[in-house]
Protein chains: 2
Amino acid sequence: MTTSTARLPNVNDRPDDQDRPNHQDRPYHHGRLRATLLAEAERALQEDGVEALSLRDLARRAGVSHAAPRRHFADRQALLDALAEAGFTRLADEVQAAVEDAGTAAQDAGFSARLRAGAGAYMRFAVRDAALMELMFAAKNTGDSAGPQEAAERLFAVIGGLIGQGQQAGALPSGDPFRFQLLFGATLQGIAAFVTSGRIPPGQADALVTDAVALFTRNAAP
Amino acid sequence: MTTSTARLPNVNDRPDDQDRPNHQDRPYHHGRLRATLLAEAERALQEDGVEALSLRDLARRAGVSHAAPRRHFADRQALLDALAEAGFTRLADEVQAAVEDAGTAAQDAGFSARLRAGAGAYMRFAVRDAALMELMFAAKNTGDSAGPQEAAERLFAVIGGLIGQGQQAGALPSGDPFRFQLLFGATLQGIAAFVTSGRIPPGQADALVTDAVALFTRNAAP
DNA sequence: ACCTGAACACCGTTCAAGT
DNA sequence: ACCTGAACACCGTTCAAGT
């Protein structure tokens with residue numbers, strides 16, 4: 001892991017280099033700093049995880065001073081909230097698109113296929129952006145942060161709509177659709193957590209999703 | 001949130017106070033530093049979350065120098081791994097105890113009750129120790145850290161044993177018990193994640209668990 | 001309105017030295 | 001074997017000042 005040529009003090013080291021202004025040949029106003037910070041943050045999150053995400057580092061990459069992000073994000077948590085919010089929106093979009101791609105047939109078999117397609121999109125997102133997913137479902141989001149919470153509702157609405165269609169088509173048992181939606185959503189989230197935490201190999205996620213869909217759609221006819 | 005008497009520079013401030021040795025009237029060797037650090041860490045984790053967990057702070061509370069923990073935990077992640085490992089062990093114990101308390105009747109109705117009891121214990125742990133739960137299922141645990149992984153297997157063995165009993169008693173459909181176990185575990189974990197992330201009110205967790213157990217045990221008879 | 005620079009109070013990690 | 005003290009390279013956050 002650690003190379004044998006560990007870092008040694010060097011005469012070329014400039015101790016206060018960390019915040020070296022590389023923001024000289026640039027207009028005083030960045031223009032779209034908020035968007036730049038978010039984009040860099042998403043990349044850093046995916047590549048190195050939450051821990052490695054620092055405001056000072058993002059500022060450096062954006063070519064502004066370390067205090068500049070303050071205008072756009074009150075603190076580090078506000079940045080994380082914005083990331084989670086964007087994550088929910090993107091996940092909702094991807095699930096919806098996958099469901100629509102799977103056709104609009106409202107028959108029994110067609111519905112299972114759509115459910116599987118939606119669940120598959122969910123899993124792909126969870127595996128690709130595991131750190132983001134953790135952020136989205138972090139316990140911290142409980143108290144404040146209305147942004148993520150609202151974006152999350154969009155995702156649940158997509159799942160809820162799908163469940164409703166399944167019930168209308170007779171592919172799912174009738175019953176409180178909201179509880180059905182929560183249970184199915186929780187199952188997806190749980191499988192995702194098992195995969196991203198390495199409890200099960202990613203290859204087995206598909207089989208588990210298939211099992212889950214089968215379990216939910218099994219006794220459709222009364 | 002912030003009081004009006006914000007912190008101002010004060011002549012009494014001793015800049016280097018942070019690591020003030022409060023470890024003077026103590027033998028040079030602490031004796032049980034590792035256990036003390038873990039206990040303090042568990043408390044800090046529960047009260048203030050992972051972010052607030054610092055090795056320096058733990059060292060201060062234990063009354064040792066900031067470099068002392070190094071002997072027992074190679075770095076911060078090693079401490080987190082140890083916490084996750086202990087968490088899995090404790091969760092496995094609590095689920096097992098709850099299942100045993102619910103009786104040993106292997107009949108249909110008895111099994112559902114035992115399954116609900118185990119699931120309930122899982123949820124209580126997840127709500128009480130939300131931050132620890134996040135640590136246990138963090139994506140970071142993927143690569144290294146064999147400790148948590150092994151302790152997690154104990155938990156899965158408890159769930160798997162329960163599933164196996166249900167199948168033998170005819171309370172669960174026959175089929176690959178391992179996949180059943182994973183799916184049920186994932187469902188529990190997903191419900192827990194929804195509760196701790198505030199997606200659903202804690203009061204609704206019980207209803208969801210009941211729904212999940214009903215779904216799994218529904219079509220037992222072939 | 002948006003950004004900079006300096007300052008403050010923290011971190012984790014390393015390492016020679018102490019007991 | 002276990003712990004200390006000093007040092008290094010980072011953090012987040014604040015705030016007066018600049019444009």
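FYI, side chains are in, hydrogens and waters are out, and symmetry mates aren't considered; it's all heavy atoms of this structure. Naming: A, B, ... by sequence-line order, numbering from 1 per chain.
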*Can a donor-acceptor pair under 3.5 Å be found between the side-chain atoms of R56(B) and the base atoms of dT13(C)?*
yes
*asked:* Can you classify the ring geometry of F194(B) versus F156(A) as parallel (below 30°), tilted (30 to 60°) or perpendicular (above 60°)?
replied: perpendicular
*Earlier contact from the 5' end, DNA chain C, for R32(A) and H29(B)*: R32(A)
_Expressed as a whole number of angstroms, how long is the span from E51(B):CD to dC11(C):C1'?_
13 Å
_I want to check something: taking the side chain as every heavy atom from C-beta on, are Q189(B) and M133(B) in contact at a cut-off of under 4.5 Å?_
yes
*Determine yes or no for a side-chain-to-main-chain donor-acceptor pair under 3.5 angstrom, with E42(B) supplying the side chain and L83(B) the backbone.*
no
_For L33(A) and A67(B), find the nucleotide of DNA chain C closest to each by heavy atoms; which residue's nucleotide sits nearer the 5' end?_
L33(A)
*Sub-3.5 Å donor-acceptor pair from the side chain of R199(B) to the main-chain atoms of A186(A), do we have one?*
no
*In whole angstrom, what separates Q77(A)'s CD from dC11(D)'s P?*
18 Å
*With heavy atoms under 4.0 Å as the rule, sort R71(A) into base, sugar-phosphate or nothing.*
base
*asked:* Any N or O donor-acceptor pair under 3.5 Å from the base of dA1(D) to the side chain of H72(B)?
replied: no
*Within this structure, what is the CZ-to-C1' distance between F73(A) and dC11(D), rounded to whole angstrom?*
18 Å
*asked:* Can you tell me if S54(A) touches the phosphate of dC11(D), counting only side-chain N or O atoms and a distance under 4.0 Å to OP1 or OP2?
replied: yes
*Is there a side-chain contact between F73(A) and L38(A) (heavy atoms, below 4.5 Å)?*
yes
*Just how far, in rounded Å, is P of dT13(C) from CG of L55(B)?*
6 Å
*Establish, for the pair R154(B) and F88(B), whether the NZ or CZ atom is under 6.0 angstrom from the six-membered ring centre and no further than 45 degrees off its axis.*
no
*asked:* I need the CG-P distance between D57(A) and dA9(D), as an integer number of Å.
replied: 17 Å
_Can you measure H66(A) atom NE2 to dC11(D) atom P for me and round it to whole angstrom units?_
11 Å
*Is the phosphate of dT13(C), meaning OP1 or OP2, less than 4.0 Å from a side-chain N or O of R70(B)?*
no
*Using Watson-Crick and G-U wobble pairs whose two distances are both under 3.5 Å, how do you write the pairing of DNA chain D as dot-bracket, with | for links to another strand?*
||.|||||...|||||.||
*Between R76(A) (CZ) and dC10(C) (P), how many Å, whole number?*
18 Å
*Which residues pass the side-chain hydrogen bond (donor to acceptor under 3.5 Å, both in side chains) test with Q181(A), sequence neighbours left out?*
none
*Could you state the CG-P distance from D75(A) to dG12(D), rounded to the nearest angstrom?*
11 Å
*Under 4.0 Å: is that the gap between some side-chain N or O of R60(A) and OP1 or OP2 of dC11(D)?*
yes
